[in-house]
Amino acid sequence: MRGKRLIPPLVLVGVWQVVCSVGLVPAFKLPSPFQVLTGLAELMTVGLPPGHLLHTHALYSLERVFFGYTAAVLTAIPLGIGMGWSRRVRYLLEPLVEIFRPIPPLAWIPIAILWFGIGTKSAAFIIFLGAFFPILLNTASGVLGIDPILVEAILTMNANRRDIILKVLVPGAIPSIITGMRIGLGLGWMTLVAAEFSGVKQGYGLGYMIMTARDIQRPDEVLAGMIVIGVTGLVIDGMLRLVEKSLIRWR
Amino acid sequence: MALSLKLSGLTKIFPGNGTMEEVRVIDPLDCHIEQGQFFSIVGPSGCGKTTLLRIIAGLEPASEGTILLNGEAVANNDNRVGLVFQEFALFPWRTTVQNIEMGLEILGVPKTERRQEALKYVREFGLTGFEDTYPRMLSGGMKQRVAIARTLVANPEVLLMDEPFGFLDSQSRMEMQNFLLEVWEKRQTTVVFVTHSVSEAIYLGDRVMVMSNRPSSIMDIFDIDIPRPRERSHPRLSKLREEVFQLCARL
Amino acid sequence: MRKTPLIIFAVIAVMGVLFLARDRTSREEKPEDAPVRMAYLQNDIHHLALWVALEKGYFQEEGVEVEISGIFRAGPELMNAFTAGVLDMAYVGEAPSTFAVANKTADVTVVAQVNTEGSALVVARASSGIKAVSDLEGKTVGVPGHATVQDFLLRKALFNAGVDSSRVNILIIKPPEMIGALRTDQIDAFIAWEPYPSKAAVAEVGRNLASSKDIWPDHPCCVLVSDSKFMESKPGKVDKVVRAHVRATEFIRGNKEEAVRIGVKYTGMDEPTVRRALQFVEYTYVPSVDGEGEYVRFLSELGYIKVDDIDAFVSDFINEDFLNEIEAR
């Protein structure tokens, strides 16, 4: 059954290869799947820049995402719960949120570099910005969506505010929170690549690798890098989905 | 018998909000309910019987008047009073056992103890086999049984019930009525049972209070002096039903 | 029944690819008097000759119409425009064009040099610790890109000073950000093309540790390239453009003041910076064949490109015929 899902990608690759082999599109504009694969092999064995291997690039990128994303999760969830629960908090914070949210994380890059320098901290900050808002808003909406009667039920059991938050708001909002976390992770990962374009101190990173491939005019390696980024994104989202499955068995 | 629940001079005024004028729901209401009694309340829709229950439960403040339970004023979220909702209000992310033990969890009872208590209720209430089931898989009658167990597990002195069988089909309804009577007889808790089914109120209650339209007051309180166990077809029941209906017709 | 969506999907996929990949370079259909589509790099003072030629109307005088199809922030992007077929000729760095040709993503030929030299290794003014190139060991130095001419210059300088380049932390950072990075101590030094070193000096943020003249005299920097097919089909136009370029280059040499004025106009930088920058740039139209050879060798050794016959590559890459014809006059 799961095999059927592989068909569209395989068809796409097949068409792609045919288009290239037949010469409908010149090789320098669109490397063939085969060329991309060899490019990928080169990235793994020789590395780009030479000596910087693919897996190390990936690890550095993942590390930056980890820091930025964790920061986003740790700040956005409590704030989101506050916004969902308290009308006053919502009233006060909403204007700020609505002003900052539309600003693309990438627009923050010059400021990030001024504040945090060139390196993991500024990249993590950009990723933090990308992941923060989806998590915040989904958490708030998750809390708002909880049936008020559940709060009343726990109130009749002599619950204090902490009980309400920990035993009703959080568990009830978890499906939305996880949705927000998945969206935030996806956005954060996408933002990372572009954030790395502006320079990374350690000389490693998937976005940095792609930028280099572009600078030295290797579209096959650019495409290979893009595929690696896409697949990695898929894998980390998959992990989050597993967490989601175990947490929302009750739905 | 010691006086159990005493309501004195209770009123509830919902303030107008600009376009609507204020709504008086309960005009000074006095009544006392004796310890261990099954006290039914009937009345037309919107007359405030649910509001009355919520006030006693501590979910809403009274505008005037006091509620004394064994001489002590009833506080917000008072442990001595439990509430069962028409919509069950089970926590969907908790299993049967976890729902039942919620009250004890809040009181800080250690894990093994409270699980044991919960399991006792599971056995008594015929929920064996469903300990780890989530509410969405339970039937209406089972859900209400879990809800009642959840409320009773903290040993309240007064059990408030707000049209608890309103969402059940007539078959389940009758089963649950008998089930409730069994549970009540075993524990001799005071029960305040709100319903808009006159037959139900009379079948179950020791006394039936009939409320008027807004601003509601007590029209009459009937003593149901039929010995238990009662047959539904008991002639005295029919006669009493007639009397109550006539009273209601005068509203 | 169930195969239908699949077939539709495949058809759409093919159509999509064909649409995206359509060759927009239908040069054969272009009218004879279509303007030459040119491009240059934003704020790159090396490309002054083009601006002079535009200001002074040299292209019209030579009888060719030129239109600026793009102003790019970096060489690789400009080369991508050649790949996409939207440029005929351009002023661009020798590094990105070498890469493009070596990796076969664009087919261009160098028809004239634009400038040599004009880069500098800059250190923070305040840092008294770095007095010579050898002091760069263990420090962080910014270069504009991998395997650029500046990268090469840096490695050459380190080599000359006896420093192992692997013991220097070389960081890729775009020139506009270099000055800020130097000021906030993110990097200890940078190497970039003019006018950035001059800007750093005028802003009193940095001072030259070494100019490219000290490291590699006469090193090639920017070139005038033409799409090879365009060169073959319209040599007349290429010839006229090269002539205009030669005149403009000579004008710069003889008219410093006006050159400064035009430089300010096209880069938007302040006068002191442009004036100082011009001192360090050598405007010449004679291609540096040896320089290119050395550069290609450097790239091959580092593994960035694979060129088997370096001399053949260079002689294919640089075409001096147009210049020789002008000279012969």
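The chains referred to below are lettered A, B, ... by the order of the sequence lines, with proteins before strands, and numbering in each begins at 1.
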Problem - Minimal non-hydrogen separation, A:Leu150 against B:Phe91, with atom names - result: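 Where A:Leu150 meets B:Phe91 most closely, the heavy atoms are O-CE2, 3.6 Å.
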Practice task
Provide the closest heavy-atom pair for B:Glu87 versus A:Ile149 in the form atom of the first, atom of the second, distance.
Solution key: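 Taking every non-hydrogen atom into account, OE1-CD1, 3.1 Å.
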Exercise for the section: Can you measure from OG1 (A:Thr156) to CZ (B:Arg150) and round to the nearest 0.5 angstrom? Expected result: 7.0 Å
Exercise for the section: Starting at CE of B:Met102, measure out to NZ of A:Lys167 and round the result to the nearest 0.5 Å. Expected result: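 Atom-to-atom, B:Met102:CE and A:Lys167:NZ are 6.5 Å apart.
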Please classify the contact of [X] with chain A as side chain, backbone, both or neither, using a heavy-atom distance under 4.5 Å.
| X | result |
| --- | --- |
| B:Ala89 | both |
| B:Leu90 | backbone |
| B:Val84 | neither |

Exercise for the section: Check whether any side-chain heavy atom of A:Ile174 sits under 4.5 Å from a side-chain heavy atom of B:Trp93, and report yes or no. Expected result: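 Contact flag for A:Ile174/B:Trp93 side chains = no.
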Exceeds 12 heavy-atom contacts within 6.0 angstrom, atom [atom1] of [X]:
| X | atom1 | answer |
| --- | --- | --- |
| B:Phe130 | CZ | no |
| B:Arg187 | CZ | yes |
| A:Phe66 | CZ | no |

Practice task
Could you check which of B:Pro135, B:Ala147, B:Pro92 has the highest count of heavy-atom pairs closer than 4.5 Å to chain A?
Solution key: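 Greatest number of close heavy-atom pairs with chain A: B:Pro92.
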Handout entry: Under 4.5 Å from any heavy atom of chain B - which part of A:Asp163
Key = side chain
Handout entry: Contacting moiety of A:Arg249, where chain B heavy atoms sit under 4.5 Å
Key =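 For A:Arg249, heavy atoms of backbone and side chain both lie under 4.5 Å from chain B.
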Fill in the blank from the handout: Test side chain to side chain contact (heavy atoms under 4.5 Å, CB included), reference A:Met157, set B:Val153, B:Leu104, B:Ile106, output is B:Ile106
